[in-house]
Amino acid sequence: MFRNRIKILKRILKYTIGCGLIFFIIKSLLDKDKDEIKLKDLNRLLIETENENLKRLSIVKNICKKYNLGIYKEFDKPSIFKHPPAPQYSVFYFIKSRDLSYCPIYKAGSTTWIYNLCLLMNVTEEELNNGKKQISTIARGIIPELEFPEAEEALRATKKLLVVRHPFERLLSAYRDKLENSVAGREHGTLHFYQKYGSKIVEKYREANFTRPKKNQEIRQKGVPPPAGIEPTFREFVQYLIHTDLPNYGDDHWMPYYWFCALCIVDYDIIAKVETLYQDQIYAIHKLNLQGIIKPRWQHNRSHSNASKIYFSQLNRDMVEKLYEKFKLDFELFDYSPYEYYQYVTIF
């Protein structure tokens, strides 16, 4: 009786082990299929994004030629736009060991990519996330500025990355982050921005019969102290942008892309967009052979899906059209349109 039980147990054990082995094999095959599917999806994404990137690069080149700018300039023909005669080498981040040059467009994914650059320079995420220093300060400490001719050589020898965003969205983000509330975010320089720009904008553009924008024309974040009431409104900020000559803007957060990063002089290899940043980051990481070192991420995202409609309701159509004319070259270089924003305006 006992021997029979032993035989039965052995058969059960053999069957169980066999089933377990079969389950393991099936699971392995399924995992392999998943990996193959993921690989196919990745290859498809890389091909599609490569095609889109080539399209973006082609548009930039054609627009520079169209307006006779930069390296495409024919001196016997006029240009309706001013363009810097040389790149601002000091704004670039050069990491020659990683074959990478990056021109940071502030308020267009710059925190994300400067964070990535710090990781490439072996800064730990713990140090980057502890809040003791701004990420840009850490980055400049380990990636110092280069001057001509070393910077020029670095630009020639490396792949050049640029990340852009709809120009109106970038301007609104800069306003909300730097000028709207001088009380909040002083550790990030809002008081400095008020003293250097905000107070002067108010002094010049605030009308005698001024009234604060209506509640439905601004966004108030929970837990954030309200503005002191002395800061420029978005309408006043736009007036400043419209009436100030571009070279006199003085701040990187609203300097036009083509001026800040010398689009018609520097031959960029990768143009990413905030609107498609995740897939563009995957493409850039593979193009730069940085797989396993950095990963797609999104830092410092304060977006509000309805913000544009709310703030642009402070403007009239004429103001939006003039603002577009001021940044028209950025719009055309990167195939953006202003027309949606004309729907948000009010008449006054």
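Predicted model, so just to flag it, every value in this text is computed and none were measured.
Scanning both residues, Ser136 and Tyr93, for their nearest heavy atoms gives O-OH, 4.0 Å. Scanning both residues, Ile270 and Asn53, for their nearest heavy atoms gives CA-OD1, 3.5 Å. Annotation for Phe94 and Ser101: closest pair CD2-OG, 3.1 Å, computed over non-hydrogen atoms. Nearest heavy-atom pair across Gln217 and Ile310 is C-CG2, 3.2 Å. For Cys118 against Ile142, the heavy-atom pair with the smallest separation is CA-CD1, 4.2 Å. Minimum interatomic distance between Ala151 and Leu146 (heavy atoms only, all atoms of both residues): CB-O, 3.6 Å.
Note: Leu315 CG to Lys322 NZ = 12.5 Å, rounded to the nearest 0.5 Å. Between Cys64 atom SG and His83 atom NE2 the span is 6.0 Å, to the nearest 0.5 Å. In this structure, the separation between CD on Glu332 and OG on Ser337 is 11.0 Å, given to the nearest 0.5 Å. Ile219 contributes atom CD1, which lies 7.0 Å from atom CG of Asn306 (distance to the nearest 0.5 angstrom). Here NZ of Lys61 is found 8.5 Å from CG of Leu57. Values are rounded to the nearest 0.5 Å. Note: Tyr102 OH to Ile143 CD1 = 11.0 Å, rounded to the nearest 0.5 Å.
You'll find the side chain of Leu172 reaches within 4.5 Å of the side chain of Arg176, heavy atoms only. Between Lys287 and Asp269, every side-chain heavy-atom pair lies at or beyond the 4.5 Å cut-off. Between Leu42 and His286 there is a side-chain heavy-atom pair separated by less than 4.5 Å. When side chains are defined from C-beta on, Trp259 does not count as touching Leu329, because their heavy atoms never get closer than 4.5 Å. Between Leu263 and Phe334 the shortest side-chain heavy-atom distance falls below 4.5 Å.
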For Ile105 and Phe260, what are the C-alpha separation, side-chain angles and deciding distance, and is it a side-chain contact (heavy atoms from CB on, under 4.5 Å)?
-> CA-CA 8 Å; Ile105 298 288; Phe260 189 67; 4.2 Å; yes
Take Asn316 and Met319 through the side-chain contact (heavy atoms from CB on, under 4.5 Å) test and state the conclusion after the steps.
-> CA-CA 6 Å; Asn316 57 39; Met319 292 179 73; 3.1 Å; yes
Between Phe193 and His253, does a ring pair (Phe, Tyr, Trp, His ring centres under 6.0 Å) hold up when you go through it step by step?
-> CA-CA 11 Å; Phe193 277 88; His253 291 81; 5.5 Å; yes
Would you sort out whether Ile294 and Tyr115 count as a side-chain contact (heavy atoms from CB on, under 4.5 Å), showing the intermediate values?
-> CA-CA 10 Å; Ile294 59 175; Tyr115 189 101; over 6 Å; no
What's the verdict on salt bridge (charged side-chain N to carboxylate O under 4.0 Å, His left out) for Arg212 and Glu231, showing C-alpha distance, side-chain angles and the deciding distance?
-> CA-CA 10 Å; Arg212 296 294 305 176; Glu231 300 89 347; 5.1 Å; no
Give the C-alpha distance, both sets of side-chain angles, the deciding distance and a yes or no for side-chain contact (heavy atoms from CB on, under 4.5 Å) between Ser313 and Val345.
-> CA-CA 4 Å; Ser313 69; Val345 302; over 6 Å; no
Evaluate the salt bridge (charged side-chain N to carboxylate O under 4.0 Å, His left out) criterion for residues Glu127 and Lys133: first the C-alpha distance (whole Å), next the side-chain angles of each, then the deciding distance (0.1 Å), finally the verdict.
-> CA-CA 9 Å; Glu127 182 179 350; Lys133 291 182 180 179; 5.9 Å; no
Derivation and outcome, salt bridge (charged side-chain N to carboxylate O under 4.0 Å, His left out), residues Asp41 and Arg44 | CA-CA 5 Å; Asp41 288 342; Arg44 188 182 303 114; 2.9 Å; yes
Would you check, one step at a time, whether the test salt bridge (charged side-chain N to carboxylate O under 4.0 Å, His left out) holds for Glu169 with Lys107?
-> CA-CA 9 Å; Glu169 292 297 323; Lys107 311 311 299 176; over 6 Å; no
Might you work through the side-chain hydrogen bond (donor to acceptor under 3.5 Å, both in side chains) test for Tyr89 and Glu152, ending with a clear yes or no?
-> CA-CA 8 Å; Tyr89 298 115; Glu152 181 66 27; 2.4 Å; yes
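Every residue two or more places apart in sequence or in another chain was checked for a salt bridge (Lys or Arg N to Asp or Glu O under 4.0 Å) with Lys73, and none qualifies. Checked against salt bridge (Lys or Arg N to Asp or Glu O under 4.0 Å), Glu153 has the following partners two or more places apart in sequence or in another chain: Arg156. The side chain to side chain contact (heavy atoms under 4.5 Å, CB included) search around Val202 returns Arg206, Pro232, Glu236, not counting sequence neighbours. Take Pro225 and apply the side chain to side chain contact (heavy atoms under 4.5 Å, CB included) test, not counting sequence neighbours, and it matches Val183, Ala184. Residues forming a salt bridge (Lys or Arg N to Asp or Glu O under 4.0 Å) with Asp335 (at least two apart in sequence, or on another chain): none.
Other residues, nucleotides and ligands contribute over 12 non-hydrogen atoms within 6.0 Å of the CG atom of Asp99. More than 12 heavy atoms of other shown residues, nucleotides or ligands fall within 6.0 angstrom of atom CD in Glu125. The environment of CZ in Phe210 is crowded: more than 12 heavy-atom neighbours from other residues, nucleotides or ligands sit within 6.0 Å. Residue-environment remark: CD (Gln291) exceeds the threshold of 12 foreign heavy atoms within 6.0 Å.
The closest donor-acceptor contact from the side chain of Asp330 to the backbone of Tyr258 lies under 3.5 Å. Between the side chain of Asn289 and the backbone N or O of Ile285 there is no donor-acceptor pair closer than 3.5 Å.
Hydrophobic clustering of Ile, Leu, Val, Met, Phe, Trp and Tyr side chains at less than 4.5 Å, counting indirect connections, unites Phe327 with Val60. Hydrophobic clustering of Ile, Leu, Val, Met, Phe, Trp and Tyr side chains at less than 4.5 Å, counting indirect connections, keeps Ile71 apart from Leu69. Hydrophobic clustering (side-chain heavy atoms under 4.5 Å, transitive across Ile, Leu, Val, Met, Phe, Trp, Tyr) keeps Leu162 apart from Leu54.
Under a 4.0 Å N-O distance rule, the pair Lys82/Asp245 qualifies as a salt bridge. One finds no salt bridge joining Glu321 and Lys328 here, because no Lys/Arg side-chain nitrogen approaches an Asp/Glu carboxylate oxygen to under 4.0 Å.
For the 3.5 Å distance criterion, the side chains of Tyr283 and Glu52 fail to qualify, holding no donor opposite an acceptor. Looking only at atom types and distance, the side chain of Thr276 has a donor-acceptor partner in the side chain of Asp280 under 3.5 Å away.
Taking the ring centroids of Tyr339 and Tyr342, they lie under the 6.0 Å cut-off. Aromatic rings of Tyr197 and Trp254 (six-membered ring for Trp) have centroids within the 6.0 Å cut-off, being under it.
Using the six-membered ring where Trp is involved, Tyr249 and Tyr240 have ring planes that are tilted, between 30° and 60° apart.
Each ring-ring contact (aromatic ring centres under 6.0 Å, His included) pair with one or both residues in residues 120-177, not counting sequence neighbours, appears once here: His166-Phe168, His166-Phe331, His166-Tyr336, His166-Tyr341, Phe168-Phe312, Phe168-Phe331, Phe168-Tyr341, Tyr175-Phe234, Tyr175-Phe237.
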